[in-house]
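Please read the structure below before turning to the comments.
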Amino acid sequence: MLLKVQLMKPIRKLDQMVEYLKSKGEKKRIAVANAQDTNTIGALAEAVKNGFAEALMVGPKSEIESAARQQNIDPGIFQIIDIKDETEATFHARKLVKNDEADVLMKGLVGTDKFLKAVLDKKDGLLPPKAVMSYVCAIELPKYHKLLFVTDTAVLPFPDLKQKVAMLNYSVEMANKFGVEKPKVALIGASEKVSEGFPNSIDYAMISKMAERGQTKPCIADGPLDVFLACDPESVKIKGVNTPVGGDADVLLFPTLEACNSFYKGLMLFGGGELAGLIQGTEKPVVVMSRSESAKSKFYCVALSCLMSENN
Amino acid sequence: MFDALKNQDRKKLVAAWANDAHTIGAVSEAIDKGIVDGILVGDQQVIKQTCESEGIDISKFTIVHVDTDVEAANKSVEMVANGDGDVLMKGLLSTDKYMRGILNKEYGLLPPKGILSHVTVIQNPKYHKLLIVGDVAVIPQPDLKQKIAITNYLIHAAKSLGVEKPKVAAISASEQVIADLPSSSEATILAKMSERGQIKGGIVEGPLALDLAVDKASAQVKKIDSEVAGDADCLLFPNIESGNVFYKTSTKLSDTELGAVVAGAKVPAVLSSRGDSTQTKLYSIALAALMSK
């Protein structure tokens with residue numbers, strides 16, 4: 001079994017992640033807060049059917065069952081914990097994760113604000129003191145030869161240096177889980193030049209040196225680089241830039257949420273991309289999905305949470 | 001340095017308020033070595049007396065008479081601005097009067113937005129080559145822009161001394177990047193600018209603690225993978241205190257020779273201390289002659 005698992009990494013496609021989880025055959029317990037959600041119930045059912053997840057559906061039982069039937073899913077594949085009150089259901093799902101009775105926390109039919117408030121609660125929440133919460137997506141693109149990990153698409157609007165370092169470390173951790181040992185991290189700007197007029201370029205100079213000095217998780221980080229220099233060896237050659245990333249980036253770290261969000265949405269819409277994304281920084285994986293993601297991407301998000309809750 | 005100067009044309013040196021024995025002696029030796037032609041701007045009478053008491057042949061100099069030190073500074077700067085001098089030298093006047101002459105906008109010795117900085121070349125018997133360091137005397141707390149200028153001057157000086165691709169160590173207290181410590185963060189930025197070709201002619205690495213810059217064994221212990229570590233040609237100090245303490249420790253507590261110039265003006269300007277030896281002044285003249293275009 002172990003041999004088989006090792007052979008399957010590094011994972012270069014999101015489908016390979018699913019194959020990997022199936023072959024491993026470990027069932028991760030996902031606690032869903034207010035699971036009566038037609039938006040996510042299909043992705044959960046698929047994860048359960050693929051044999052790598054158990055779904056602990058917290059919420060009003062009758063509504064959960066009817067949401068399942070609406071999607072032609074047999075509610076019997078889920079474990080349902082009948083709690084009618086929205087807040088109580090959220091807290092209960094959180095408690096399951098907190099008490100190690102579940103491995104992953106997932107948002108169902110509850111406002112993102114309310115859900116995250118529960119996650120961030122100082123006393124009962126899932127974020128360790130002083131930890132930075134961020135978001136990393138693994139993106140699969142027809143035009144790139146491997147998965148691209150991008151951050152931060154959803155949580156930190158204007159990350160400062162410390163937050164960028166946290167984002168880098170989270171992305172490296174995620175890439176590691178996919179079997180990429182020493183990921184190449186491109187710190188994205190509009191140009192490769194360092195200038196005081198572009199504060200992000202200054203942060204990037206620091207971060208790349210910090211990586212070189214072993215002050216981050218092991219990776220090869222370089223920036224500023226534009227997206228061409230990050231992902232296209234030909235551009236590196238033409239521009240003659242001396243960069244260890246060499247147009248072969250595994251991770252793209254963006255300077256702002258807007259930039260990263262636009263990048264990934266552009267790729268989903270025009271580039272035929274699929275993604276798996278996850279909140280980072282919490283004690284255990286937390287899944288919050290956008291309604292507008294494709295059914296496939298939603299399933300991948302659930303699968304990613306199971307991959308990330310691996311102990312190795 | 002003297003060997004390197006053999007292949008070079010003689011430079012015209014203008015010494016401001018050159019009334020004292022050390023200045024006249026150093027210029028005299030530089031003339032004898034064929035490095036420069038010497039123009040002494042000062043009190044003719046005093047120069048004559050000094051030459052007599054030192055046994056120096058006054059006829060080797062061109063003498064321009066002025067009555068005061070301020071006049072001497074202005075006259076010397078004017079001559080250099082007019083192209084009558086390649087190297088400027090400070091004689092027996094205070095640094096501020098000398099610098100004020102250089103900074104005088106009327107003569108335009110300092111280009112608009114130009115940055116003046118002090119470059120020192122140190123020869124220490126315990127190091128395998130010359131060390132070019134800055135800034136130990138002029139800019140108290142250089143900002144990033146000034147550090148870029150200082151780095152360029154260090155590289156220029158090292159190249160003038162025949163180092164093909166000078167290795168510059170940007171000094172801080174540790175090799176770790178400490179974002180809140182300006183010496184550390186700015187050293188990091190300079191290293192990246194060098195990597196990106198925004199600083200040309202040399203290689204900048206930083207942050208490096210001093211031991212990692214000049215001692216291979218220390219660099220190996222800390223696993224610093226850089227060709228600069230342990231083999232630096234140039235040391236960029238984060239501020240005047242650290243640079244000044246380094247250079248004075250080198251001169252007073254070990255067997256060190258040095259030469260120094262101010263870079264950034266139209267021509268290199270020798271700015272040795274009035275108390276410096278004739279030898280130091282001679283080295284400084286040689287360095288200035290090498291750095292002069």
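Chain letters run A, B, ... following the sequence lines, proteins first and then strands; every chain starts at 1.
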Part of B:Ala179 lying under 4.5 Å from any heavy atom of chain A: both
Counting only heavy atoms not in A:Lys237 (residues, nucleotides, ligands), do more than 12 fall under 6.0 Å from its NZ? no
Within a 6.0 Å radius of atom CG on B:Asp180, are there more than 12 heavy atoms belonging to other residues, nucleotides or ligands? no
Any residues in residues 204-243 of chain B near chain A, with a heavy-atom distance under 4.5 Å, and which are they? B:Glu205, B:Gly206, B:Pro207, B:Leu208, B:Ile224
What residues of residues 153-176 of chain B make heavy-atom contacts with chain A at a cutoff under 4.5 angstrom? B:Glu175, B:Gln176
Which residues in residues 192-230 of chain A have a heavy atom less than 4.5 Å from any heavy atom of chain B? A:Glu192, A:Lys193, A:Val194, A:Glu196, A:Ile202, A:Ala205, A:Met206, A:Ser208, A:Lys209, A:Met210, A:Glu212, A:Arg213, A:Gln215, A:Asp222, A:Gly223, A:Pro224, A:Leu225
Checking an interface table here. Which of residues 120-136 of chain A come within a heavy-atom distance under 4.5 Å of chain B? none
